[in-house]
Amino acid sequence: MRFKGPAHEPTHPLALRAAVPAERTVDAFVEEFLENLNYVQGVALPRSTINDQYLALAMTVRRYLMTDWMNTARRRRGAPSKMVGYLSAEYLLGRQLGNSLLAADLYDIAREAMNQCGISIDALRAQEVEPGLGNGGLGRLAACFVDSLATLDVPSIGYGIRYEYGMFRQTFVDGRQVERPDSWLFLGSPWEFPLPDRAVEIHFGGHTESTTQDGQEITRWLPAWNVQAIPYQLMVPGYRNGVANTLRLWSARATREFDLHIFNSGDYEEAVRAQTFAENITKVLYPEDSTPQGKELRLQQQYFFVAASLKDYIEQTLPDDFDLHNLPDQIIWQLNDTHPVIAIPELMRLLVDEYGLPWEEAWDITSRCFAYTCHTLLPEALEVWSVDILGRLLPRHLEIIYRINDEFLESVRERFPGDEDRVRRMSIIQENPRAVRMAYLATVVGTKVNGVAELHSQLLRDKVLPDFSEMWPEKFTNVTNGITPRRFLRLSNGRLSDLITETIGEGWETDLERLRELEPYADDAAFRQRFRDVKEANKHRLRDLLITRDNFALPQGQMIDVMVKRLHEYKRQMLKLLHIVTLYEGLSTGRLTPEQVTPRTFVFGAKAAPGYFMAKEIIALINAVGKTINADDRFNEILTVAFPANYNVTLAEKLIPAADLSEQISLAGKEASGTGNMKFALNGALTIGTDDGANVEIRQLVGDDNFFLFGMSEPEVAALGEQGYVPRSFYEGNDDLRRAIDLIASGAFTDRDGSKAWTVVGDLLNNDRFMVLADYASYIEAQGRVDAAYADYESWTRSAILNVARCGFFSSDRSMHDYMARIWGIGQG
Ligand SMILES: *Cc1c(COP(=O)(O)O)cnc(C)c1O
């Protein structure tokens, strides 16, 4: 059953050496580059296109990293220890070239080498299409985590899905979002290594059969169809430490038997259709919050990648004679949200059905192999799979889930006799409609359950999974999210990084708490000047980018106020828009004089899920307001609205270092953590934010004086909800708010009548699920404090420096240490 290596292993004395790194000189680099250009791309330098050059450069850098990759694998094989299998349906990686050059410490050599060839390395970096294999924060978190695991040399492997089309490319047509396919593979993908001969077969559908053998009941799954999972490997280089870990992404391909079977029946068209059907599994990334259609395909994706990952690990990574009872000593599978939770019944199935272990032993193993990270707070956002779909696609897994549930509910009854209400509440199977609650399954089976910020973990225990935390208080823990300082400071903000290194010396990139050493410099006028110069230069860089990218002229000398994140009502882009409209309305009517308004550029970046109607309406409204305000010559010097399309990691890297103000304005209790908030603070933007997610911890660390807090707290939100929230009363009770809403409703910002604007406004007045109107007054008051603080730019800069100095905690390296200590039970590698 298990994969057997070749009976005869070919070898040669030279093959036993450690891999030898290429020479780290400009000459050697040029030579390697030209080799790749000539003999891999098949073109001569004078005839090569930018894309040829980009691919050749990527392969050159890859060559240097591959020695680390091979040596890391060799070293780990020699000294096996417990490892982490990170299971995530999303990895929002961002561009690879710059990060690889940085990790390999080859940036200067590569730049000079390209110079000598008459090529701009920046142009080559701009040629790369980022692999957008994720929606937003959750996928970017996974990418930061694998970066940190490599930098900390933790034995680990990331498993995920190689979507042929990642997150859609957003364009605006008449201000409305239009999605275009993200064909990131089209011009070649030099960072991945396909391993088609290591494919594993994944089964779906069919039915189960039970027989009795030697008095034991044996169940077999007789699936109806299958696909091949082809692994594509990516290197994940650590930061200048000679380590490279692996990210293994799975791609679906029709099995040969599958098409042959139909082909032999003479139906060529049907054979091709079957192939397309199978390969659809990894065709596209599902946008969050999209409509239920295609849901079944999503479950196929989930099972496809976790089944391939478990099989890959057990059959190909573990030694042949491995005793599976020891599995929990070898691996811990971290489940990034509920998307990979179907891995739990899959491991039970493998152990019981395929390896013949008794159920109790399989359970003992499985219950020690998984840990679950919850990323949400909205009970309705917890993923459920209808019993119908699950039973049709994975009949054996459904049986296993039922048995797990029966035994679990038995233990609940033992512990709380007579409390059938509790039994119903805690059941993994929900009634009406009958569906499997994946978060409950993960909580019941996982060794640990964690939230992603202190407040979130507390609410998870108290509100989302209270019965479970009562039953197993020790299961619940917190690990506050983090971001990698390599990409989000060193790479994206080279100027600030250089200033930091000059001031406190090297090494802070892997020991981010050392930024504390910057604190005394907040009081040093000369340092503040240099810090301001950095910010100014980053604004220039952004200006250049937006001119070429969007043909948008960012004005000079305005505060840059940025809100970039997925578009969702709970994140409340509308609150920021109401502030803008309030200013515009005040200026237009003369109630505000231009002197009273701090000149600002309001920047938005946000994609809406294609099926999320209200989010798309909000995008259209932001663009309409922006168009009107930007066209109004009276206020050109004071108000600007910028909404560059297609917010992604690449744009984030340019926007965040240029920001003065970071908008983190979700309704308290709705944002699990946020990581955008961390990126801004670490780059010296001040935050205007609610007491939500990791904002709470940012504020504690940077201090109240260096953070603009506003809005209701989570208990206040809950109380208002209970007493019955009436948004219209806030509209009627606040003149500024009423005037802003009336202006929007009047159609002032649309070319047509106001009926369009009314969908958003009407919802705010009559429903306002996320209490935008209730927090409006407090938000406007806080924006007044922002203006006042900005007027004293010396003191503002002081606060910005303190934000940088005090945010070392948010390194994803620290998050990884917390996972190791609190969840994985492994020491640092
Ligand atoms: C960091 C990041 C996010 C997450 O932002 P939040 O403000 O935490 O929601 C989303 N998208 C991209 C491209 C990011 O870099």
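Atoms within each ligand, like the ligands themselves, are counted from 1 in listed order. Position 1 is the first residue of the sequence; numbering continues from there.
- In this structure, the ring of F602 has its center less than 6.0 angstrom from the ring center of H579.
- Cation-pi geometry between R162 and Y232 is satisfied (NZ or CZ under 6.0 Å from the ring centre, within 45° of the ring normal).
- Proximity of the aromatic rings of Y790 and W796 is defined here by a centroid distance below 6.0 angstrom, and this criterion is met.
- Atom 8 (O) of ligand 1 has as its closest protein heavy atom T675 N, 2.8 Å.
- Shortest contact from atom 5 (O) of ligand 1 to any protein heavy atom: G676 N, 3.7 Å.
- On a distance-only criterion, E671 and ligand 1 share no N/O pair closer than 3.5 Å.
- The heavy-atom pair separating R487 from Q96 by the smallest distance is NH2-NE2, 3.9 Å.
- Remark: minimum distance from atom 15 (O) of ligand 1 to any protein heavy atom is reached at K679 NZ, 2.6 Å.
- Residue N677 has no N or O atom closer than 3.5 Å to an N or O atom of ligand 1.
- For R769 and Y570, the positive end is not near the middle of the six-membered ring at less than 6.0 Å and at most 45° from its axis.
- Atoms of ligand 1 lying under 4.0 Å from at least one heavy atom of G674, given by number and element, are 8 (O).
- Protein heavy atom nearest atom 7 (O) of ligand 1, with residue, atom name and distance: K565 NZ, 2.7 Å.
- Under the 6.0 Å distance and 45° angle rule, K576 counts as a cation-pi partner of F604.
- Remark: K607 qualifies as a cation-pi partner of F168 under the 6.0 Å distance and 45° angle criteria applied to the six-membered ring.
- Nearest non-hydrogen protein atom to atom 4 (C) of ligand 1 is G137 CA, 3.5 Å.
- Those atoms of ligand 1 with a heavy atom of V649 less than 4.0 angstrom away are 13 (C).
- Shown in contact with G136 at under 4.0 Å from a heavy atom are these atoms of ligand 1, numbered in order with element: 10 (C), 11 (N).
- Judged by distance alone, the side chains of R814 and H817 never bring a donor and an acceptor atom under 3.5 Å apart.
- Atom 9 (O) of ligand 1 has its closest protein heavy atom at K571 NZ, 2.8 Å.
- Nearest non-hydrogen protein atom to atom 11 (N) of ligand 1 is Y647 CE2, 3.6 Å.
- The six-membered or imidazole ring of F552 lies away from that of F643, with a centre-to-centre distance of 6.0 Å or more.
- Of all the heavy atoms of N648, the ones lying under 4.0 Å from any atom of ligand 1 belong exclusively to the backbone.
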